[in-house]
Undergrad: 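I'd like to ask you about the structure that follows.
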Amino acid sequence: MCGEPAPARNPCGDADFQAFAKLFKQVIHGAVAVDREFAASHGLALTDIMCLAFLTEHDGPVSAKMLAEHVNLSTGATTALIDRLERDGFVERRPNPSDRRGVIIVPVEERAKPVLATGERLRHRLRWAYGCLSKEEVGAVARFFNALLAGTGPTE
């Protein structure tokens, strides 16, 4: 993605970078805090919310393995997560239509959707901030996030 080292592409000094890095960390911490507060207000853990959001946003069947990869948990911890969400009525296990030995995890819409709908606060803030950007700025931010997510740059 970003084949060149950042200093060659960005004339800002170290102090500017430090301020940028601090702001980036504040945004991340703020987003996590909002998600944790939201989860706690429903008696759920952050991974529960991540799981429910993934299930409702994903097109097509979702396996336990897919959930484990999404929430970055071991298979055992994912099984416990699914057991808990199933016990609380948020998800169901159903036979996998394409693999009769497997199961898929399906959200119980009437239980999951209202919980996720109350998490709109962060989404509204994100939409508002997005609306403040020009098309070029959106492109720059998207390139920045994609470069971070690609993880191909130097680590030191």
Side-chain angles (χ1 to χ4, degrees), residues 1-2 17-133 135 137-156:
M1 212 55 7
C2 254
F17 173 75
Q18 295 301 327
F20 181 81
K22 182 179 180 182
L23 180 60
F24 180 75
K25 286 181 182 179
Q26 288 174 326
V27 169
I28 298 300
H29 289 297
V32 171
V34 167
D35 281 351
R36 280 196 177 123
E37 178 184 313
F38 164 67
S41 72
H42 292 284
L44 300 168
L46 189 53
T47 52
D48 299 345
I49 296 296
M50 291 171 60
C51 176
L52 291 175
F54 181 72
L55 288 169
T56 58
E57 294 167 1
H58 193 273
D59 292 330
V62 175
S63 68
K65 181 181 179 192
M66 292 168 67
L67 276 179
E69 290 170 356
H70 179 73
V71 296
N72 199 25
L73 291 175
S74 68
T75 54
T78 302
T79 298
L81 167 69
I82 295 167
D83 288 346
R84 185 175 61 251
L85 290 173
E86 187 174 40
R87 183 186 63 237
D88 293 343
F90 288 103
V91 301
E92 294 177 349
R93 287 178 170 99
R94 293 188 185 159
N96 188 336
S98 60
D99 177 6
R100 63 187 182 137
R101 295 171 294 153
V103 296
I104 58 172
I105 314 306
V106 179
V108 176
E109 298 289 328
E110 57 273 5
R111 185 88 163 101
K113 286 270 188 190
V115 169
L116 294 174
T118 61
E120 292 289 313
R121 189 171 92 191
L122 182 58
R123 218 175 342 266
H124 287 299
R125 287 171 57 188
L126 183 62
R127 170 125 350 243
W128 176 84
Y130 176 85
C132 294
L133 299 175
K135 187 175 184 175
E137 290 169 327
V138 168
V141 172
R143 283 191 308 279
F144 170 76
F145 285 140
N146 283 321
L148 281 177
L149 291 171
T152 57
T155 56
E156 292 185 16

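Predicted model, so just to flag it, every value in this text is computed and none were measured.
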Undergrad: List the residues meeting side-chain contact (heavy atoms from CB on, under 4.5 Å) with Leu133, not counting sequence neighbours, and say none if there are none.
TA: Glu137, Val138, Val141
Undergrad: Could you check Ile105, Leu116, Val108, Ile104 and say which one makes a side-chain contact (heavy atoms from CB on, under 4.5 Å) with Leu55?
TA: Ile105
Undergrad: Among residues at least two apart in sequence or on other chains, which ones pass salt bridge (Lys or Arg N to Asp or Glu O under 4.0 Å) with Asp99?
TA: Arg101
Undergrad: Run the side-chain contact (heavy atoms from CB on, under 4.5 Å) test on Leu67 and Ile82 for me, step by step, so that the C-alpha distance in whole Å, both residues' side-chain angles and the decisive distance to 0.1 Å come before the verdict.
TA: CA-CA 9 Å; Leu67 276 179; Ile82 295 167; 4.0 Å; yes
Undergrad: Should Leu85 and Cys51 be marked as a side-chain contact (heavy atoms from CB on, under 4.5 Å) after you check the CA-CA gap, both sets of side-chain angles, and the distance that decides it?
TA: CA-CA 9 Å; Leu85 290 173; Cys51 176; 3.6 Å; yes
Undergrad: Does atom CZ (Phe144) have a neighbourhood of more than 12 heavy atoms from anything else shown, all under 6.0 Å?
TA: yes
Undergrad: Calculate, to the nearest 0.5 Å, the distance between atoms CD and CG belonging to Glu57 and Leu52 respectively.
TA: 10.5 Å
Undergrad: For Gln26, give me all partners under side-chain contact (heavy atoms from CB on, under 4.5 Å), at least two apart in sequence or on another chain.
TA: Lys22, Leu23
Undergrad: Identify, with sequence neighbours excluded, every residue that meets side-chain contact (heavy atoms from CB on, under 4.5 Å) alongside Ala45.
TA: Thr47, Asp48
Undergrad: Provide the closest heavy-atom pair for Glu109 versus Pro114 in the form atom of the first, atom of the second, distance.
TA: O-CD, 3.6 Å
Undergrad: For residues 28-39, tabulate all N or O donor-acceptor pairs below 3.5 Å that involve a side-chain atom, not counting sequence neighbours.
TA:
none

Undergrad: What side-chain donor-acceptor pairs closer than 3.5 Å can you find for residues 70-78, not counting sequence neighbours?
TA:
unit_1 : atom_1 : unit_2 : atom_2 : d
Ser74  : OG     : Ala77  : N      : 3.1
Thr78  : OG1    : Ser74  : O      : 2.8

Undergrad: If you round to the nearest 0.5 Å, how far is CZ of Arg84 from CG of Leu44?
TA: 8.0 Å
Undergrad: Quick one, Val115 with Ile49, criterion side-chain contact (heavy atoms from CB on, under 4.5 Å). Give me CA distance, side-chain angles, the key distance, then yes/no.
TA: CA-CA 9 Å; Val115 169; Ile49 296 296; 4.1 Å; yes
